[in-house]
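What follows is a set of notes on a single structure, which appears directly below.
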Amino acid sequence: MRIAFAADDSNATTDAVLAHLAAAGHEVVRVDALPWPDLGAGVGRAVAEGRAELGVVMCWTGTGTAIAANKVPGALAAVAWDPWVARGARLWNDANVLAMSLKRLAPDVAVEVLRAFLETPAADPDEAENIARLKGLDTNR
Ligand SMILES: O=C(CO)[C@H](O)[C@H](O)COP(=O)(O)O
């Protein structure tokens, strides 16, 4: 799968995420933009324009890059800090960008969260109406 990735810092957690993406055979599309609003929006655009199927953004908290990605119509970014939340973001929200804190998640936890996000299929059919409403908000701004 093609995964757009950007982070505004690097440490053992970002290294573990990138190592997992490579080991799992994903093609990583690096978005080299700074500061964090630009990198979040850059990953959002990469996904919304079809240059990547999913995106991963990482900043100190995960929140700023998620907010920035969510400014791009077609990008649905979710902050996740454990695998259950990451699975829910895919199943119930159809999220296509995962945002994680590079400061607060240990490397092994970040990889578990990432795996849950990547391995969960998008959108439970029971949520179709809610997800359509969510996507409709893009055009109602
Ligand atoms: O978590 C973040 C945004 O939500 C940033 O990573 C944090 O604020 C540091 O950014 P900068 O070094 O550009 O001031």
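Just the heavy atoms: all of them, side chains too, but no hydrogens, waters or symmetry mates, feed the values below. Both counts, for ligands and for their atoms, begin at 1 and track the order of listing.
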Practice problem: Can you sort out which atoms of ligand 1 are near Asp8, meaning under 4.0 Å from one of its heavy atoms? | Solution: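 Those of ligand 1 that fall under 4.0 Å from Asp8 are 5 (C), 6 (O), 10 (O).
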**Report entry** Side-chain heavy-atom pair Leu98, Val57 within 4.5 angstrom cut-off
**Finding:**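 Leu98 vs Val57: side chains apart.
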| Leu76 backbone acceptor or donor facing Asn96 side chain under 3.5 Å |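 A pair under 3.5 Å: yes.
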Check: When you measure from the side chain of Asp138 to the backbone N and O of Gly74, does any donor-acceptor pair fall under 3.5 Å?
Finding: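 Yes, because the side chain of Asp138 sits within donor-acceptor range (under 3.5 Å) of the backbone of Gly74.
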*asked:* Taking Asp124 first and then Arg90, would you say they form a salt bridge - that is, a charged N and a carboxylate O separated by under 4.0 Å?
replied: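 Salt bridge flag = no for Arg90 with Asp124.
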Would Glu49 and Arg45 pass as an ion pair if we require N to O under 4.0 Å?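 No, this pair does not count.
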*asked:* Quick check for you: to the nearest 0.5 Å, what is the distance between Glu127 atom CD and Leu134 atom CG?
replied: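 These two atoms lie 10.0 Å from each other.
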field: Gly64-ligand 1 polar pair, N/O distance under 3.5 Å
entry: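 Yes.
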| query | Does any N or O atom in Thr61 lie less than 3.5 angstrom from one in ligand 1, N or O only? | reply |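 For ligand 1, there is an N or O atom that lies under 3.5 Å from one belonging to Thr61.
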Can you confirm whether some protein heavy atom lies under 4.0 Å from atom 12 (O) of ligand 1, or whether none does?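 Given the 4.0 Å limit, the answer for atom 12 (O) of ligand 1 is no, no protein heavy atom qualifies.
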Are any of the protein's heavy atoms under 4.0 angstrom from atom 1 (O) of ligand 1, yes or no?
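Looking at atom 1 (O) of ligand 1, one finds that a protein heavy atom does lie closer than 4.0 Å.
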- Task: Would you kindly specify which portion of Trp36 sits under 4.0 Å from ligand 1, judged on non-hydrogen atoms: side chain, backbone, both or neither?
- Result: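 For Trp36, the contact with ligand 1 is made by the side chain alone.
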- [ ] List the closest protein heavy-atom neighbour of atom 9 (C) of ligand 1: residue, atom name, distance to the nearest 0.1 Å.
- [x]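 That would be Trp60 CD2, 3.7 Å.
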